[in-house]
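Since the structure comes first, as structure tokens, the remarks are kept for the end.
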Amino acid sequence: MEIRGKLIKIQEAESGTSKNGKAWDKQTCIVQTDSKYNNIVCITAFGEDHIRNLNKLKIGSGVAIECNVYSREYNGKYYHQIDGWRFATSNGELKNFSNNNDESNNAEEFVTVDDLPF
């Protein structure tokens, strides 16, 4: 899925360790789309490569972010996650995130954090 819009904020990077003992890094950004309603989208970049490429984008610029959208159940409720894996300016200039552009291989780079804060 691709989300296009204006990059309005990049949050501070976060890191931690999962229950399995695996270290993770993530950083979120906020994109304002041209939708009439619900036009603010929070997208997470997991891993050093994705974070580095997210930080190449400039606040206020038009962006196109390829991402995976999924939901998980926790205590009978569902929570959504949007993970970005390719970051580009909206004029099509690719901010290359790795040497391999195959989406299925990049999905393996995501770390699922099972330590939900609620």
Side-chain angles (χ1 to χ4, degrees):
M1 169 183 261
E2 181 180 74
I3 296 177
R4 290 181 172 267
K6 178 180 172 185
L7 183 63
I8 57 175
K9 187 173 189 177
I10 298 177
Q11 305 280 36
E12 292 293 320
E14 301 175 41
S15 62
T17 306
S18 70
K19 287 191 269 186
N20 299 335
K22 189 170 183 178
W24 54 266
D25 296 306
K26 74 175 186 173
Q27 188 169 21
T28 57
C29 67
I30 310 299
V31 175
Q32 182 177 16
T33 67
D34 62 356
S35 298
K36 185 173 181 180
Y37 301 106
N38 301 322
N39 63 343
I40 303 296
V41 181
C42 179
I43 301 169
T44 303
F46 270 105
E48 292 178 18
D49 290 339
H50 295 134
I51 290 171
R52 182 174 34 257
N53 289 301
L54 167 61
N55 285 302
K56 291 179 183 177
L57 301 176
K58 294 182 178 155
I59 303 290
S61 65
V63 296
I65 301 174
E66 293 286 336
C67 52
N68 297 327
V69 179
Y70 61 95
S71 300
R72 293 187 314 172
E73 185 268 336
Y74 181 75
N75 288 339
K77 293 184 180 183
Y78 284 85
Y79 299 90
H80 308 293
Q81 181 74 32
I82 304 173
D83 291 337
W85 53 269
R86 175 178 274 167
F87 302 87
T89 59
S90 62
N91 67 3
E93 177 188 340
L94 180 64
K95 300 295 183 185
N96 198 6
F97 64 95
S98 73
N99 293 332
N100 187 347
N101 292 331
D102 183 81
E103 177 180 352
S104 62
N105 288 341
N106 291 323
E108 295 174 6
E109 295 176 21
F110 290 109
V111 176
T112 302
V113 180
D114 292 326
D115 301 331
L116 296 175
F118 36 81

4.5 Å side-chain heavy-atom contact, [X] and [Y]:
| X | Y | value |
| --- | --- | --- |
| Y79 | R72 | no |
| K56 | N53 | yes |
| D83 | C67 | no |
| I65 | C29 | yes |
| T89 | L57 | yes |

- Item | Geometric class of the F46/W24 ring pair [parallel <30°, tilted 30-60°, perpendicular >60°] | perpendicular
Same hydrophobic cluster for [X] and [Y], using side-chain heavy-atom links shorter than 4.5 Å among ILVMFWY?
| X | Y | answer |
| --- | --- | --- |
| I43 | I59 | yes |
| I30 | V69 | no |
| Y74 | Y78 | no |

Residue pair [X] / [Y]: nearest heavy atoms and the distance that separates them:
| X | Y | answer |
| --- | --- | --- |
| Q81 | T44 | NE2-OG1, 3.1 Å |
| A45 | L54 | CB-CD2, 4.1 Å |
| G5 | V31 | CA-CG1, 3.7 Å |
| T33 | R4 | CG2-O, 3.5 Å |
| Q27 | Q11 | NE2-O, 2.6 Å |

At what distance, to the nearest 0.5 angstrom, does [atom1] of [X] lie from [atom2] of [Y]?
| X | Y | atom1 | atom2 | result |
| --- | --- | --- | --- | --- |
| Q32 | K6 | CD | NZ | 6.5 Å |
| H80 | C42 | NE2 | SG | 13.0 Å |
| E2 | R86 | CD | CZ | 9.5 Å |

- Query: Step by step, would you call S90 with V63 a side chain to side chain contact (heavy atoms under 4.5 Å, CB included)?
  - Reply: CA-CA 4 Å; S90 62; V63 296; 5.8 Å; no
- Message: Quick one, R52 with D49, criterion side chain to side chain contact (heavy atoms under 4.5 Å, CB included). Give me CA distance, side-chain angles, the key distance, then yes/no.
- Response: CA-CA 5 Å; R52 182 174 34 257; D49 290 339; 2.3 Å; yes
